[in-house]
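A note on names: the letters A, B, ... follow the listed sequences, proteins ahead of strands, and every chain is numbered from 1. Side chains are part of it too, since the values below use all heavy atoms of this structure and drop only hydrogens, waters and symmetry mates.
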Amino acid sequence: MSEDAMLDTALPLPDVDESWVGIAAGEQEEDKSLYLELDGWEGPLDLLLDLARRQKVDLRQISILALVDQYLTYIERAEALRLELAADYLVMAAWLAYLKSALLLPRDEQEDPSPEELALRLQLRLQRLGAMREAAARLMARDRIGRDIFRRGAPEGLRIDRKIKWRSDAFSLIQAYGQVKARNEPRIYQVSDRIIMTLDSALDRVSAMLGVTLDWMDLRDFLPKHAEPSLRKSALASSFVAALELARLGRAEIEQEETYGAMRIRRIAQ
Amino acid sequence: MSDAPDETVRAIEATLFASEDAMSVDALAGHLGGLEPAIVRAGLTELAAHYEKRGIRLVERGKRWHFETAPDMAHLLRKEREQVRRLSRAATEVLAIIAYHEPVSRAEIESIRGVQTAKGTLDVLMEAGWIKMAGRREVPGWPIIYATTPEFLEHFGLASRKDLPGMDELKAAGLLDPVDDALDTAMPGEEEEVEAETSEENDANLAATGTEDENISAESAA
Amino acid sequence: MSDAPDETVRAIEATLFASEDAMSVDALAGHLGGLEPAIVRAGLTELAAHYEKRGIRLVERGKRWHFETAPDMAHLLRKEREQVRRLSRAATEVLAIIAYHEPVSRAEIESIRGVQTAKGTLDVLMEAGWIKMAGRREVPGWPIIYATTPEFLEHFGLASRKDLPGMDELKAAGLLDPVDDALDTAMPGEEEEVEAETSEENDANLAATGTEDENISAESAA
């Protein structure tokens, strides 16, 4: 098919719903068909494009003023016929009325944007929508797979069967056996006895030591000196929890000036 | 009588004939045991020439090759087969806008059409396999952008997007450029400052809240 | 280059290509607008001759005609692709137990391993050709017993089963060290053993991806 001169083509294009291409065609029944199609418009821009097409000139040469008049007339008639108009059609009507007056009235001040620019912008948008609409129609009219052109009806299909080749090695085998054996060997578990400081004894200890002074004391000073490392760890943990508990009970306050810094604790005088 | 084609050509012919999907040169080369792509390409060219005047043709669509019936046979084949999907007018427009502008965001589609795009429209086109999401635009809001697929080219018989009807003319006429760009060239000397603001306001007026009259007909959906 | 075929021949070619079923001469004649069967027959003969040396053939089967791939190109339609996969940990254990204790029943394998063994594991080992059924144990229930094959010895580079290291040697090599095992049981793989083995079975059928990680396939199967 020929693919040139698409911008100028004004013929009804195939494969497009008759309902909208037909509108522009019927001149004598214009009013009726136009209003009946009210639901068919996809918004004001769509309606404007159709009205512009009625000027039967290239979209680059349409008269915006004439177009505005046509649109406003259309809206007035629709209102006279008491047809329900969506709000956006009325918004567009108001905007176009403004545009028209701005285009006609002499201007003292240079307005920004100028009415000419607004008109041009509208024209450019109509051109673009028009171009896409015609492109869509021409696209749909192409020879299409499944309608005009067919692929093979019953292709055999290409099948790829994946066959798995398993791989392993002697070491893995022997190692696996060793692990099975080791896993199921009877096992003796030993739990070694460790010296710890219980929370209760830490609480007693910390409370007792806090009773001695009202000054701040470093938490580490509460720990038993010369204890073996495992006991020191346990004592630190228990003393810390004990300090928190005393703070919660309102018997002590805790401060720490920086992250990981020394934690200090002192008694609250009752 | 034609000469017997060589084994590679026969293998390509058999593979493409049997395949349910179109195949790229690389896919063919891989399937044929790692042939040189150049050899496959030469074979395809030979085959395409051989089939040129026959009832079936070998064609390239979006870098993938397949056999199909010759276009002038449509009248014979069409009558029994009406499986092609009928799209609503809105969907065809959206498809055209995506094809001619891709990649394109929904807001960009809407600014051309002047109406909001109903949710179903893009879904229908994606379900048909003709468009796909193609990432996000790097602007505020990170909108998803859409592009066409190789199946789109296949379905509409296009070797590539360059073959879209009227593509060159539309490009030359600047009709694929945004309105703002066209305005700049059409109105030289205009101050640029107010431009962005104006266009927004303007678009809001024009696009408004037009509801889309979607009648997505799924006649073909068997 | 072949001569351009006439319209009837092209029409037959396109129709048979697009048809989902083989077509009789009468069906073709009817489809092509009531052609004389003799003309259709002549066209079919010409087409069959044309395709004789190509990658596809026009053939008649039970008085109905259709295109099919040339017999010597059939290997292109069904290709086998070999995929190498490493034996899973569970399967390796089962194989090791069979190798050390053969012939051995499934219940015996389970009592040695201390875990249930999924059916798929033994299937995989049989598919690999490393174990075979070796009769039935003469105890209640007549359980099947398994033994290794010569392929097993070959793959693992063993002259005979006597080459497998004994318990003392395993101990000396540190392979009975429970520490390794503690580490392994801490890994998630072991707990999901049964599931993983089931997926193995699936994989053997579907031959999905090339992953060697049992856990991944177990998850995706779930």
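- A salt bridge does not link B:R10 to B:E13: none of the charged side-chain nitrogens sits closer than 4.0 Å to a carboxylate oxygen.
- Of the residues listed (B:R137, B:R161, B:K132), the one engaging B:E102 in a salt bridge (charged side-chain N to carboxylate O under 4.0 Å, His left out) is B:R161, and it is the only one.
- Inter-residue side-chain proximity for B:I98 and B:F152 is flagged as unmet; no heavy-atom pair is nearer than 4.5 Å.
- Annotation: maximal heavy-atom pairing with chain C below 4.5 Å, among B:I12, B:V9, B:D72, occurs at B:D72.
- Contact annotation for B:E52: neither backbone nor side-chain heavy atoms come within less than 4.5 Å of a heavy atom of chain C.
- Residue B:L47 touches chain C through its side chain alone, counting heavy-atom pairs closer than 4.5 Å.
- The aromatic rings of B:F67 and B:F17 sit perpendicular, their planes meeting at an angle over 60°, well past the 30° parallel limit.
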